[in-house]
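In what follows, a structure is listed as structure tokens, so that the remarks can point back to it.
Because the structure is predicted, anything quoted here is derived from the model rather than measured. Note that the numbering runs from 1 along the sequence shown for the chain.
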Amino acid sequence: QVQLVESGGGLVQSGGSLRLSCVASGDILSVSVMDWYRQAPGKQRELVASMNDLGNINYGESVKGRVTISRDLGKNAAYLQMNSLRAEDTAVYYCRATLKTLQDRRAQSIWGQGTQVTVSS
């Protein structure tokens, strides 16, 4: 069984910072991409940041310049540092990993349960 667990969400004031963590566990062979998405009530899920095993990074336009994604390959973990937070950043943040397992070498995407981020005005 493979699962992702996010942590680090909470309540923060506008202009503040928050650091989210995502750790994958299980019989993992390799992880090619780890991403952060977010979804606010009544809105579509949108990309926040993505990073592959070559070090290529992509940020969503709404957060570019305010967030930084990083990875710890040895721990199968990804982190999202968020600064200058705004009320519109309030959402559930989800981690996704594209990976292969020992049982199945086909690439598959695994989603975490999400962590709530609330930014007060």
Side-chain angles (χ1 to χ4, degrees):
Q1 183 182 30
V2 176
Q3 66 177 29
L4 301 181
V5 178
E6 301 105 327
S7 62
L11 177 65
V12 64
Q13 293 185 355
S14 179
S17 298
L18 210 58
R19 181 178 171 87
L20 306 183
S21 298
C22 173
V23 180
S25 62
D27 296 329
I28 299 171
L29 179 63
S30 63
V31 179
S32 60
V33 185
M34 296 192 78
D35 319 91
W36 286 96
Y37 288 79
R38 69 183 184 186
Q39 187 168 26
K43 296 185 177 180
Q44 298 292 324
R45 186 170 299 186
E46 65 174 345
L47 174 71
V48 177
S50 178
M51 186 174 185
N52 67 13
D53 53 359
L54 298 179
N56 298 315
I57 298 174
N58 186 37
Y59 292 109
E61 290 298 324
S62 62
V63 299
K64 188 174 296 183
R66 300 188 296 117
V67 306
T68 302
I69 187 173
S70 60
R71 290 181 60 181
D72 186 334
L73 297 180
K75 297 180 179 179
N76 292 321
Y79 308 94
L80 186 70
Q81 178 68 45
M82 302 187 291
N83 303 315
S84 301
L85 287 167
R86 309 163 181 168
E88 52 264 40
D89 294 319
T90 296
V92 177
Y93 285 70
Y94 297 92
C95 180
R96 184 187 73 167
T98 301
L99 51 81
K100 298 177 180 179
T101 67
L102 294 175
Q103 295 79 17
D104 189 354
R105 292 183 59 86
R106 297 173 299 174
Q108 58 182 301
S109 293
I110 304 295
W111 290 88
Q113 83 290 345
T115 184
Q116 176 71 48
V117 171
T118 302
V119 184
S120 62
S121 301

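- Between A77 and V23, the closest heavy-atom pair is CB-CG2, 4.1 Å.
- By the neighbour-count criterion of 12 heavy atoms within 6.0 Å, atom CD of E88 is densely surrounded, having more than that number from other residues, nucleotides or ligands.
- A distance of 10.0 Å separates CH2 in W36 from OH in Y79, rounded to the nearest 0.5 Å.
- Between N56 atom CG and N58 atom CG the span is 9.5 Å, to the nearest 0.5 Å.
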>> Pair Q113, E6 - check side-chain contact (heavy atoms from CB on, under 4.5 Å), show working.
In response: CA-CA 7 Å; Q113 83 290 345; E6 301 105 327; 2.9 Å; yes
What pairs of donor and acceptor atoms, side-chain ones from residues 24-32 against any protein atom, are under 3.5 angstrom apart with sequence neighbours left out?
unit_1 : atom_1 : unit_2 : atom_2 : d
D27    : OD2    : Q103   : NE2    : 3.2
S32    : OG     : T98    : O      : 3.2

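- Within the structure, side-chain hydrogen bond (donor to acceptor under 3.5 Å, both in side chains) contacts touching residues 67-76 (residues at least two apart or in different chains) do not occur.
- Residues satisfying the side chain to side chain contact (heavy atoms under 4.5 Å, CB included) test with S120, not counting sequence neighbours, are L11, Q13.
- Separation of atoms CD (Q39) and CD (E46) is listed at 9.5 Å; rounding is to 0.5 Å.
- For residues 10-121, the pairs satisfying disulfide (SG to SG under 2.5 Å) are C22-C95, with sequence neighbours left out.
- The backbone N or O of T101 sits nowhere less than 3.5 Å from a side-chain atom of D104 that would complete a donor-acceptor pair.
- Between A87 and S121, the shortest heavy-atom contact is CB-OG, 3.6 Å.
- Applying the under-4.5 Å side-chain rule to Ile, Leu, Val, Met, Phe, Trp and Tyr, the cluster around Y94 extends to Y37, L47, V92, W111.
- Formation of a donor-acceptor pair under 3.5 Å by the R96 side chain with backbone atoms of I110 is not found in this model.
- The two residues V33 and S50 have their closest heavy-atom pair at CG1-OG, 3.5 Å.
- Between the CG atom in D35 and the CD1 atom in I69 there is a gap of 6.5 Å [rounded to 0.5 Å].
- Looking at S62 and R38, their side chains do bring a donor and an acceptor atom within 3.5 Å of each other.
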>> I'd like to know whether L99 forms a side-chain contact (heavy atoms from CB on, under 4.5 Å) with Q108, so could you lay out the CA-CA distance, the side-chain angles of the two residues, the decisive distance to 0.1 Å, and finally the verdict.
In response: CA-CA 6 Å; L99 51 81; Q108 58 182 301; 4.0 Å; yes
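- A 4.5 Å side-chain heavy-atom check between M82 and L20 finds at least one atom pair inside the cut-off.
- Residue A40 comes nearest to A91 through the heavy atom pair N-CB, 3.8 Å, listed as atom of the first residue, atom of the second, then distance.
- Going from atom CZ of R19 over to atom CD of Q81 covers 6.0 Å, rounded to the nearest 0.5 Å.
- Under a 4.5 Å side-chain heavy-atom criterion applied to ILVMFWY residues, the cluster that includes V5 comprises that residue alone.
- Rounded to the nearest 0.5 angstrom, L80 CG and T115 OG1 are separated by 11.0 Å.
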> Checking side-chain contact (heavy atoms from CB on, under 4.5 Å) for the pair V67/N83: CA distance, chi angles, key distance, verdict?
Replying inline: CA-CA 6 Å; V67 306; N83 303 315; over 6 Å; no
> Given Q116 and Y93, is the side-chain contact (heavy atoms from CB on, under 4.5 Å) satisfied, shown in steps?
Replying inline: CA-CA 6 Å; Q116 176 71 48; Y93 285 70; over 6 Å; no
